[in-house]
Amino acid sequence: MKSLVKITKLFLGVVAALLVVGMTTTSFASSHYKYRVTRTAFDKVSVGSNNGNGGTSLKQLEKDFGSPKLKSSRTVDNVRATMLVYSGVDNDKNAAAIVELINNKVIYKELTGYQYTRKAVALLNDFNNKLTVNKTTYQEALKEFGKPDEYSVSTQNGTKVISAVWSSNLKHSAKAKATMTLQFDNDVLVNKSQVSME
C-alpha cells in the first residue's frame with residue numbers, strides 16, 4: 001500500500017509542478033494499465049537538444065512502452081511540452097520512468113524510485129579517492145560503481161547534464177541508508193556528494 005501511495009504522490013507532484021509553469025492538460029491511464037518499461041530499454045532512450053533534435057520520438061516511445069500511466073501537457077511562451085510518466089519499471093511499483101518531450105522528441109528523462117538488488121561493496125574511501133571532479137568521466141564511474149539506481153538526463157544550453165544517485169551498493173551503518181550523488185556535464189564529473197557512506 002505504501003508503494004502505491006508513493007507513486008500517487010509522484011504523479012500529483014508532477015502535475016502540481018506543471019500547473020505552476022503554464023496551461024496544463026492531464027490524463028491518467030485506465031485501471032488496465034500494464035507495466036511495460038524495462039530499465040534496459042529506458043536506458044536507451046535518447047535525450048535531444050532543447051528543441052528535441054536527436055531525442056527519441058513519441059512514436060518510438062509508444063511502440064516500446066505503450067501508453068503512459070500519466071500524460072500531462074503544458075504550453076509556455078507558445079511552446080508545447082508533454083510529460084509522460086510510466087510506472088512499474090521492471091515490474092517494481094516504486095519505480096517510475098519520466099520523459100518530457102518538445103516537438104514530439106525527448107528533451108529530458110528521469111528514472112526515480114528504482115533500486116538494484118546487489119551487494120554493498122562501494123566504500124567511502126572509493127568515493128574520496130576514485131572520483132575526481134573535472135576529470136572522472138561518466139563511463140569511468142559506471143565501470144567503478146556500476147549503474148546508478150536513479151538518474152536524470154537533460155540538455156541545458158548545449159550541455160548534456162546527468163545527475164545520478166547510487167544507493168543499493170554502498171557500504172553504510174545499520175542506522176542510516178547511504179547515498180552517493182554525482183553530476184556530470186558533457187560526461188565529465190563536476191560535482192559529487194555522499195551521505196552516510198562508510
Side-chain angles (χ1 to χ4, degrees), residues 2-76 79-116 138 147-156 159-168 179 181-185:
K2 289 183 179 179
S3 62
L4 292 176
V5 171
K6 184 175 181 180
I7 289 296
T8 300
K9 287 182 177 179
L10 169 66
F11 293 161
L12 293 177
V14 170
V15 174
L18 292 173
L19 285 171
V20 170
V21 295
M23 296 292 292
T24 305
T25 58
T26 303
S27 61
F28 291 84
S30 71
S31 58
H32 301 293
Y33 174 76
K34 295 182 179 180
Y35 297 157
R36 287 184 53 179
V37 181
T38 65
R39 170 69 185 255
T40 299
F42 188 68
D43 285 349
K44 294 178 181 178
V45 171
S46 297
V47 174
S49 61
N50 291 343
N51 63 5
N53 286 342
T56 297
S57 68
L58 175 61
K59 184 176 181 180
Q60 187 64 49
L61 292 175
E62 291 173 339
K63 178 181 178 181
D64 292 342
F65 304 145
S67 298
K69 181 70 174 180
L70 176 149
K71 179 178 182 180
S72 188
S73 298
R74 61 189 172 93
T75 300
V76 180
V79 176
R80 187 170 182 80
T82 300
M83 181 173 284
L84 309 178
V85 179
Y86 300 88
S87 66
V89 179
D90 283 348
N91 292 313
D92 181 352
K93 293 179 181 179
N94 291 310
I98 303 170
V99 294
E100 185 168 13
L101 305 95
I102 287 180
N103 298 322
N104 290 327
K105 297 289 184 66
V106 174
I107 64 164
Y108 173 86
K109 73 173 183 176
E110 178 180 352
L111 181 66
T112 183
Y114 192 94
Q115 189 155 42
Y116 281 108
Y138 185 55
K147 288 186 176 182
D149 294 279
E150 302 176 293
Y151 70 91
S152 66
V153 183
S154 62
T155 301
Q156 302 174 19
T159 299
K160 178 184 177 183
V161 179
I162 300 174
S163 180
V165 178
W166 284 257
S167 58
S168 61
T179 60
T181 303
L182 307 179
Q183 181 179 325
F184 299 84
D185 288 358

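If you read the sequence from its start, that first residue is 1, and numbering goes on from there.
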Participant: Does either side chain, that of S167 or that of T179, offer a donor lying less than 3.5 Å from an acceptor on the other one?
Facilitator: no
Participant: Give a yes or no answer on whether the side chain of Q183 reaches the backbone of S163 with a donor-acceptor pair at less than 3.5 Å.
Facilitator: no
Participant: Check K44 with D64, please: is the shortest side-chain N to carboxylate O separation under 4.0 Å?
Facilitator: no
Participant: Do you know which two heavy atoms are closest between S46 and V106, and how far apart they sit?
Facilitator: O-CB, 3.5 Å
Participant: Would you say that S73 contacts T82 through its side chain, given a criterion of any heavy-atom pair below 4.5 Å between the two side chains?
Facilitator: yes
Participant: Would you say the side chain of V47 lies within less than 4.5 Å of the side chain of K160, judging by non-hydrogen atoms?
Facilitator: no
Participant: With rounding to the nearest 0.5 Å, note down the distance linking CG in N51 to CD1 in I102.
Facilitator: 8.0 Å
Participant: So which heavy atom on A96 is nearest to which on V85, and how close?
Facilitator: CB-CG1, 4.4 Å
Participant: Just by modelled atom types, is the G48 backbone N or O under 3.5 Å from a matching donor or acceptor in the T155 side chain?
Facilitator: yes
Participant: Give, for atom CZ of R74 and atom CZ of R80, the distance between the pair rounded to the nearest 0.5 Å.
Facilitator: 11.0 Å
Participant: To check you understand the geometry: which heavy-atom pair defines the closest contact between L101 and V99, and what is its length?
Facilitator: CD1-CG2, 4.0 Å
Participant: Parallel under 30°, tilted from 30 to 60°, perpendicular over 60°: which one fits the rings of Y151 and F42?
Facilitator: tilted
Participant: Is a side-chain donor or acceptor of N103 paired with a backbone partner of K105 at a separation under 3.5 angstrom?
Facilitator: no
Participant: Testing the 3.5 Å rule here: is there a donor-acceptor pair between the side chains of T159 and D185?
Facilitator: no
Participant: Which residue is it: V45, T38, V89? I am looking for the one with a side chain to side chain contact (heavy atoms under 4.5 Å, CB included) to F65.
Facilitator: V45
Participant: Nearest 0.5 Å, what's the CG-OH distance between L70 and Y86?
Facilitator: 11.0 Å
Participant: What's the separation between atom NZ in K147 and atom CG in D43, rounded to the nearest 0.5 Å?
Facilitator: 4.0 Å
Participant: Supply the atom-to-atom distance K109 NZ to S152 OG, rounded to the nearest 0.5 angstrom.
Facilitator: 10.5 Å
Participant: So does Y35 get a backbone contact from the side chain of K69, meaning a donor-acceptor N/O pair under 3.5 Å?
Facilitator: no
Participant: Any heavy-atom pair between the side chains of S57 and N104 that's under 4.5 Å?
Facilitator: no
Participant: Let me confirm one number: the CG-CD distance from D149 to Q115, rounded to the nearest 0.5 Å.
Facilitator: 5.0 Å
